[in-house]
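Letters go in sequence order (proteins before strands), and every chain restarts at 1.
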Amino acid sequence: MSLDAARHTRGESLFVDDLPQPSGLLHGAVFSSPVAHGRLLSLDLDAAQKHAAVRRIFTAKDVPGENQIGAIIPDEPLFAEGHVHHIGQPLALVVATSPEAAREARDLIRAEIEELEPVVCPREAHRREQFIVPSRSLRLGDEAQLAEAFAKSATIVEGQTSTAGQEHLYLETQASMAVPLEGGRLRIYAGTQGPTAVQRVAARVLALPMSAIEVEVLRLGGAFGGKEDQATPWATFAALAAHCLEQPVKLVLQRSEDMLMTGKRHPYQSDWRLGLDQEGKILAYEATLFQNAGASADLSPAILERSLFHAANCYKIPNARITAHSCRTNLTPFTAFRGFGGPQGMFVIESALARAAEVLGVTKEHLQSINLLQSGDVTPYGQEMQGCVSRRSFEQTAQRFDLAGARRATVEFNAKNKRFKRGLATMPICFGISFTNKMMNQAGSLVHIYLDGSVQVASGAVEMGQGVTAKLRNIAAHTLGCDVNLISMAATSTTTVANTSPTAASAGADLNGMAVRIACTQLRERLDALERGLPWKELINHAHQERVHLSSAAHYATPNIHYDKDAEWGAPFAYHVYGSSITRVTVDCLLGTYKIDSVEIVHDAGKSLAPLIDRGQVEGGLAQGIGWLTVEDLAYSDDGRLLSHNLATYKAPDIYSAPVKIEVEFLEHDESPCAVLGSKGIGEPPLMYGIGAFFAIRDAARAFRPVERSGAEDLLCAPLTPERLLMYLHGNR
Amino acid sequence: MKPTATKTISFHLNGEAVETSAAPGRLLLDYLRRDLRAVGTKEGCREGDCGACTILFGKHNAQGELIYRAVPSCMLLMGHAQGGYVVTIEGLRVGKGLNGVQQAVVDCGGSQCGFCTPGFIVSFTGFVLNGTEFSVEEATHAISGNLCRCTGYVSLVRAAAALIGGLPDLPEPGLERNRRLVEAQLLPEFFGREVAQMPAEEIGGLPSEAPFVGGGTDLIVQRGEAFNLEAPRFARDLSRKPAIRVKGDELCLPGETTFEELRECTLLGKWWPTSRTDLERFASPIVRERASLAGNIANASPIADGTAIFLGLGADLVLTGAGGTRRVALGDFFHGYKQTELQPGERIASLRLPKAQTGHRFHFEKISKREYLDIASINSGLGIQVRDGVIDAVQLSAGGVAPIPLLMRQTAACLIGKPVNAQTVLEAVPVLEAEATPISDVRGSADYKRLGLRQLFFAHFLALFPNEVDEGQLMEVTR
């Protein structure tokens, strides 16, 4: 369980908006562009300025340093200047004595904008050559070999797919509070996965040294990638106002503000072509991915890279060319979301296999099973697979949960029933662990043992419900050899551990866990040099008497990873996570509605540091993946306005849309490389089991309206909402 | 207008009396978090859709016993709280450890980031206080208005099972049950105290043009913080539980009846046999606890589930105002988008269901993105009377296909006098499709809504006449 679970249930856990309020606290509200693309002619602040409760209104000209928050590419201003590039792009920050007054005054601001034509479709942006970064291609074999492989193929299928974006819907909206300290210093209580990112950007915007800014994170009420880069502007706004007004300032977004102004999972479109031999073995694959990046880079280049790396999922593809374009559009910049582009890449190859299975007249699970990767195979990004348990997890799933029987039962049910059809899909996964940017694969820790024997552990990891603090505490107790209850976890702070990577990429426990383990090992070695056999508290006392250093700071950097971007070849991942699932659904073909009957999973978690937490990560990730491809429908108007911007219109899974039954079995093995104490990262990979729900529903829909009857309609557009499904089942052709 | 130098609002919070001069139109959620710094109650959406701000709200029942129900505190204005008994997550702490509800959630891994957790604990507690059947299904239903983005819910369902397994034998909801729960350390001591009803007191001095608010579940979302500045009039008096009663041949439903009261009412069977399951798909339990019958109708949303049901049941409304009382057919109540028969100062006093004839059948169906806890893309109710195999009377409603909740008179007319079979149903389809004039919006395209309406129409007949109407024939039709 989460270390804080007991506190959560008593309502004692504090989030940013719950912290004790410093006296003189002011509140911010952000005025943002009502237009997706245009020239900013003027900003009328007069009426808002006159509001009695307003202390100050900030715009671009009030930034003491650089008006720039872009992390990978400096292409995103804190406040828009000259042009606006998406609806929800911040133009002004109103600071007032209460949040209500700040919003009231904010609503009095008028912007005069000369509207320009917005681009919302990534293919359109591609046609206009509006790219965030140069396009990239991975290849296995050269162009001639690829052409030859297609020429040799007994079957070639091709088509297009699309996946929509996804709102993170962290239950706690974006929130930050900045408090001025003496001497122009600032402390920011930020709801961020990346305290260092906030510190760095705030320093840049305020023209302060990073050392003048402390960022502290106690915990996040969910993040899922949505607070990796996208927490930064709100923390920076609070910091700017607190710094200039010399008063504490809090900025908490309301739900619809958050949904309108913050980035989401990237929508993708794609073209693909798959060649197979007579048995159904993949010979050649080419795919072009059009990433809808939104108006500025945010993390899009890194997400694009992971889409490329996971475009082949867990399949052996001897000849491949996978191209990806990061397309600049006039939507709110899209950002990290659990899976980080990987799910979007995997969806494409799964679509190609689904189509190929129909053409070949075999099941999709058969095609998947005969194409799985093995140790020694090389991926399109050049990494040789080691300790690959792709087949093993697929076979164990098939046996343990009787895949053949399940398929038989589905066919029998469908033969007997008209209105209700059942569908089934298997979903094997292979997900690489490490930040694909090598520099980010480092972490730090600071461990203090106090005189009474109690221990405080600090690291760069941010707790957001994924249970990283519980895992780190277990590692510390195991390594120090003391009672786990003596160990408390410090709030994440840039003053205890500096220059940290965000808690992301499923690597939070891996990297920080190693840093904690190293620090604790150093302490244990110092203690072991003393008299042996003393009880812990006496040992610590004795160590202090002997003037032994009872604090230790450590640093860890993942070894042996490398990637050459020019050659698009290397070994970017420390290891891979594998697993496989079977999803069964029932579709009501009269109404176009569906129920996920069961999802059965065999998942490779290594040697779990905390089995209850890992189970929770698998179940929760699965639910998010299902939501992404089924009911979660980010609807935009043609002029770039998000239509589903509150919880009345955007539907994430509720308790009744969760699968009726979820079974999770962990694969036990010691074949593949792994992370700290034999464990493996678990945050992201399970999300991709959700892809199985899409293909299981599609399987049922095809049973009702077979491919022969539906012609060219491929049903490869996600999410598969009840609307899309009903239109497929009964709509015009 | 600003509320004039205000009267005090008095209520109980976690067993202690509270008096405040907070504006009656302010959200209780804001008052709890900002003024009292009772920050265990979380703000997730401010529109009743996530359950993070769920609290217990106590009212006295007809027997004078205090009954607590789980409700979202973003769906309660301060004026609603007048005379009420509010319990927040802070008020559920038993000593320094965990009570049985909390322990079950912790043990089963039902709390990850923790932001939604207080809301789940409160909803579970509402179940323990009010449940009549202690099954995992019922416990799941009790938390179905709470969203969690971390767990995928399965661990919370496991927690429900663990919680039920650990419950003592419990008497009917009321003081005796509360005391048993206090003994079992599931609730703190104040739940066991006898609490006298506070005298009902109007929050007076309000101008007649002030907006009427029932439960507020729709108006609060629409008006947001504007209610802060207004002084709405509150339609329901806490001290009086509205009585659903049979009056002559009719069933009389007071306008202030909540949808949860309706769901629990045992009198409805003769008029509306499927009320319990139909209403499960209406909003969520915590919102149904607030949403009133009159509000659902008066807000004139074209996709109101309640309205679609009552149109199908052939209901009449009794309106009351300065000019006296009058009666209109629900089918004549809606004039245009958000335009109704209501005159200024007038409100819906009650809803009347006509005497149910023998052989009368009713079916309600809706399509939404999520099966539960969602607003309909389209919905429809069909009340139908068949005599000697021939359709004798039809009330067919359709929501989401016109600016108003539509009574489908032409389609109904085309069914009358015909035998009940697939042929009759199919013959009515062109009329049905012509009578609907849906528009494309965030809940679906016009094409989808028109197609969906046809499918709902089929679903009615397949559900009500499985022997007469051939499923195969209806499933074969494409457009």
Using the rule given for salt bridge (Lys or Arg N to Asp or Glu O under 4.0 Å), can you reason through A:Asp18 versus B:Arg33, listing the C-alpha separation, both sets of side-chain angles and the distance that settles it, and then say yes or no? CA-CA 8 Å; A:Asp18 305 337; B:Arg33 284 189 54 84; 2.7 Å; yes

Kindly determine whether A:Glu12 and B:Ile89 satisfy side chain to side chain contact (heavy atoms under 4.5 Å, CB included), including the steps that lead there. CA-CA 9 Å; A:Glu12 291 172 338; B:Ile89 186 75; over 6 Å; no

Would you sort out whether B:Leu474 and B:Gln455 count as a side chain to side chain contact (heavy atoms under 4.5 Å, CB included), showing the intermediate values? CA-CA 9 Å; B:Leu474 297 188; B:Gln455 301 304 100; over 6 Å; no

With side-chain hydrogen bond (donor to acceptor under 3.5 Å, both in side chains) as the test, would you mind laying out the steps for A:Gln624 and A:Glu632 before giving the verdict? CA-CA 9 Å; A:Gln624 272 181 349; A:Glu632 295 188 37; over 6 Å; no

Please assess A:Glu723 against B:Arg443 for the test salt bridge (Lys or Arg N to Asp or Glu O under 4.0 Å), listing each intermediate value before the final yes or no. CA-CA 9 Å; A:Glu723 171 167 359; B:Arg443 304 206 186 278; over 6 Å; no

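The contact between B:Leu147 and chain A is made by backbone and side chain atoms together, counting heavy-atom distances below 4.5 Å. Heavy-atom distances place the side chain of B:Asp30, and not its backbone, under 4.5 Å from chain A. Proximity to chain B is absent for every atom of A:Leu622, based on heavy atoms less than 4.5 angstrom apart. With a threshold of 4.5 angstrom between heavy atoms, A:Leu253 does not approach chain B through any atom at all. Contacts between A:Leu14 and chain B at a heavy-atom distance below 4.5 Å involve the side chain alone, from C-beta outward. Heavy atoms closer than 4.5 Å to chain A are found nowhere in B:Ser284, neither backbone nor side chain. Using a 4.5 Å cut-off between heavy atoms, B:Leu462 touches chain A through its side chain atoms alone. Of the atoms belonging to A:Asp258, not a single heavy atom falls under 4.5 Å from chain B. Only the backbone of B:Val94 comes within less than 4.5 Å of a heavy atom in chain A; its side chain stays farther off. Heavy atoms closer than 4.5 Å to chain A are found in the side chain of B:Lys42, but not in its backbone. For A:Pro719, no part lies under 4.5 angstrom from a heavy atom of chain B. With a 4.5 Å cut-off on non-hydrogen atoms, B:Arg158 touches chain A through its side chain but not through its backbone. Interface remark: A:Thr649 contributes backbone and side-chain atoms alike to the contact with chain B (heavy atom separation under 4.5 Å). For A:Ser657, the part lying near chain B is the side chain, with the backbone staying farther off; criterion is any non-hydrogen pair under 4.5 Å. The part of A:Arg615 that comes within reach of chain B is its side chain, from C-beta onward, which places non-hydrogen atoms under 4.5 angstrom from that chain. Contact annotation for B:Ile121: only side-chain heavy atoms (C-beta onward) come within less than 4.5 Å of a heavy atom of chain A. Of the atoms belonging to B:Glu43, heavy atoms from both backbone and side chain fall under 4.5 Å from chain A. When heavy atoms are compared at a cutoff of 4.5 Å, B:Thr151 approaches chain A solely by way of its backbone atoms N, CA, C and O. The part of B:Arg37 that comes within reach of chain A is its side chain, from C-beta onward, which places non-hydrogen atoms under 4.5 angstrom from that chain.
Ranked by heavy-atom pairs under 4.5 Å with chain B, the list A:Phe224, A:Tyr594, A:Tyr650 is led by A:Phe224. The candidate from A:Met464, A:Gln21, A:Arg219, A:Arg103 with the greatest count of non-hydrogen atom pairs under 4.5 Å with chain B is A:Gln21. Of the residues considered (A:Asn646, A:Thr593, A:Leu643, A:Leu220), A:Asn646 shows the highest number of contacts with chain B, using heavy-atom pairs under 4.5 Å. Options A:Lys418, A:Arg10, A:Arg255, A:Arg7 differ in how many heavy-atom pairs under 4.5 Å they form with chain B, and the most are formed by A:Arg10. Comparing B:Ala52, B:Gly444, B:Ser155 by how many heavy-atom pairs each has under 4.5 Å with chain A, the most go to B:Gly444. For chain A, the option among B:Gly452, B:Cys150, B:Gly40 with the highest count of heavy-atom pairs below 4.5 Å is B:Cys150. Each of A:Pro659, A:Ala652, A:Ser13 has some count of heavy-atom pairs under 4.5 Å with chain B, and the biggest count is that of A:Ala652. Heavy-atom pairs under 4.5 Å with chain A were tallied for B:Cys116, B:Ser445, B:Gly472; the largest tally goes to B:Ser445. Here B:Gly97 is the residue among B:Ala459, B:Gly145, B:Ser377, B:Gly97 with the most heavy-atom pairs under 4.5 Å with chain A. Between chain B and the residues A:Ile626, A:Asp633, A:Thr173, A:Thr721, the largest count of heavy-atom pairs under 4.5 Å involves A:Asp633.
Between B:Pro188 and B:Arg93, the shortest heavy-atom distance links the atoms CB-O, 3.6 Å. B:Ser368 and B:Glu371 make their closest contact through OG-O, 3.9 Å (heavy atoms, listed as atom of the first residue, atom of the second, distance). A:Leu647 and B:Glu47 make their closest contact through N-OE2, 2.9 Å (heavy atoms, listed as atom of the first residue, atom of the second, distance).
Residue B:Ile378 holds its CD1 atom at 8.5 Å from CG of A:Leu591, rounded to the nearest 0.5 Å. Remark: B:Glu365 CD to B:Asn379 CG distance equals 10.0 Å, nearest 0.5 Å.
A donor and an acceptor atom, one from each side chain of B:Glu90 and B:Thr88, are located under 3.5 Å apart.
Relative orientation of the A:His603 and A:Tyr689 rings is perpendicular, given thresholds of 30° and 60° on the angle between their planes. Between B:Phe120 and B:Phe124, the two ring planes are tilted [angle within 30° to 60°]. In this structure, A:Phe15 and B:Phe115 have perpendicular ring planes: the angle between them is above 60°, well past the 30° mark.
Using a 4.5 Å cut-off on side-chain heavy atoms (C-beta onward), A:Lys421 and A:Leu729 make no contact. Side-chain atoms of A:Lys651 and A:Leu169, non-hydrogen and from C-beta on, never get closer than 4.5 Å to each other.
Atom CD of B:Gln185 has 12 or fewer neighbouring heavy atoms from other residues, nucleotides or ligands inside a 6.0 Å radius.
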